[in-house]
A.B. asks: 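Quick one: structure below, then a few questions.
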Amino acid sequence: MASRSGRHFLQIPGPTNVPDRVLRAMDMPTMDHRGPEFGVLGREILANLKPVFATSGPVIVYPGSGTGAWEAAIVNTLSPGDKVLMVETGHFATLWHKMALRFGLKPEFVPGDWRHGVDPDVIETKLAEDKAHEIKAVMVVHNETSTGVTSRIPLVRKAIDNANHPALLLVDTISSLASIRYEHEAWGVDVTVSGSQKGLMLPPGLGFNAISEKAIAASKTNKMPRSYWDWEEILAANKTGYWPYTPATNLLYGLNEALKMLLEEGMDNVFARHDRHAEATRRAVRAWGLDILCQNPAEYSSSLTAILMPQGHDADALRRIILDAFDMSLGAGLGKVAGKVFRIGHLGDFNDLTLMGTLSGVEMGLSMAGVPHQTGGTTAAMAYLAEQKTAAKTAAAA
Ligand code: PLP
């Protein structure tokens, strides 16, 4: 590998770039996880997680990846043989469905075209038909990282309520938490599943479950065997800021710093920043004359954009050229859309010039790879970003 100068551009939709403040916070001696200082750190983290998940209830932190947090949500609330309702929004919904099957659940997997999010009407119809209330949970992915489609969770909640159905609502926010507006409590979610390596700007290695009273009640009677993932012992130890096993101490130092950064910026500003970068990206894509995979503008993702390649052109070849020439990693197409799409991650520790560097790399790569497109994508994005900054300045001065 040729030597490189400057930083690698990690523009996949997670893991994301880890800010220097977080790297420095983790570069510390590991402390005694049963000592007095640790309890102070633990309590601070558990308190600061609440505004990020928008909940007044507990948030469980596991050493583990997002997949582990999926498993935790299942084993703490459901029993083998339970019917659950899931929707094929993309690759990650498909993987969660596979996991549900492995645990002996009986998922109904509503088919999807990987270009739309969850249809709330389908949820309402299926639940209204389930007069015996055999469906125990609705399990959906908020932001499909494989497609760049964000499902409208408040409408899913409304669909469940309209059907007057008691099913739990389990939501994967692995690529939306701390980048796309999300409100665990106000949206009536029972288990919110997340991970550290995307909007939280940390390395991979932590998984999360934000849990409702109803989810905790379900965990008292459900029949799934579990040990490591069991909420009960963790909740008990968390009361004083500790965990029942060795936590990922240095990742927790990083989490503490990342939460401070998010709360200093303010969650509304974090979401607005992501919305703006996503819109600038879509303007670039349209100016290039390429297609965005997501077909419903109300479901555009603010953390990533998946772009369809013109017929006969390979997305992985384009990504390889961009990596070799500009030291930038873009997201691959996953599952059904492998080779057909590439994904630009615009989430986490990200600013206007990071986005412009990213889009410039893509535009140069499209030319180098001989992909038919129009120039001017980066110009369209710059114009939008500058216009927005000017409008914000004018509004602040008024
Ligand atoms: N769900 C979504 C939406 C994801 O984006 C990912 C990973 O990218 C996962 C689940 C799996 O998480 P992990 O790879 O951390 O196990």
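Whatever order the structure lists them in is the order used to number ligands and atoms, beginning at 1. Bear in mind that the values here come from a model prediction, so they are computed numbers and not experimental data. All residue numbers refer to positions in the sequence shown, counting from 1.
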A.B. asks: Within ligand 1, which atoms have a heavy atom of Thr145 less than 4.0 Å away?
C.D. replies: 2 (C), 3 (C), 4 (C), 5 (O)

A.B. asks: Counting the benzene-type ring for Trp, do Phe350 and His277 have ring centres under 6.0 Å apart?
C.D. replies: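 Yes, ring centres under 6.0 Å apart.
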
A.B. asks: Do Val141 and ligand 1 have an N or O pair less than 3.5 Å apart?
C.D. replies: no

A.B. asks: Give the atoms of ligand 1, by number and element, whose distance to some non-hydrogen atom of Trp70 is under 4.0 Å.
C.D. replies: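 The atoms of ligand 1 under 4.0 Å from a heavy atom of Trp70 are 1 (N), 10 (C).
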
A.B. asks: Heavy atom under 4.0 Å from ligand 1: found in Gln197's side chain, backbone, both, or neither?
C.D. replies: side chain

A.B. asks: Between His274 and His346, is the ring centre distance below 6.0 Å?
C.D. replies: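 Centroid distance His274-His346: not below 6.0 Å, so no.
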
A.B. asks: For ligand 1, which atoms have a heavy atom of Ser65 less than 4.0 angstrom away?
C.D. replies: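 Those atoms are 13 (P), 15 (O), 16 (O).
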
A.B. asks: For ligand 1, note which part of Thr67 has a heavy atom under 4.0 Å away: side chain, backbone, both or neither.
C.D. replies: both

A.B. asks: Only heavy atoms of Gly66, strictly under 4.0 Å: list the atoms of ligand 1 that pass.
C.D. replies: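 With Gly66 as reference, the close atoms of ligand 1 come out as 12 (O), 13 (P), 15 (O), 16 (O).
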
A.B. asks: At under 4.0 Å between heavy atoms, which part of Asn143 makes contact with ligand 1: side chain, backbone, both or neither?
C.D. replies: backbone

A.B. asks: Is there a heavy atom in Glu144 that sits closer than 4.0 Å to ligand 1?
C.D. replies: no

A.B. asks: Return yes or no for this condition: an N or O of Asp172 is under 3.5 Å from an N or O of ligand 1.
C.D. replies: yes

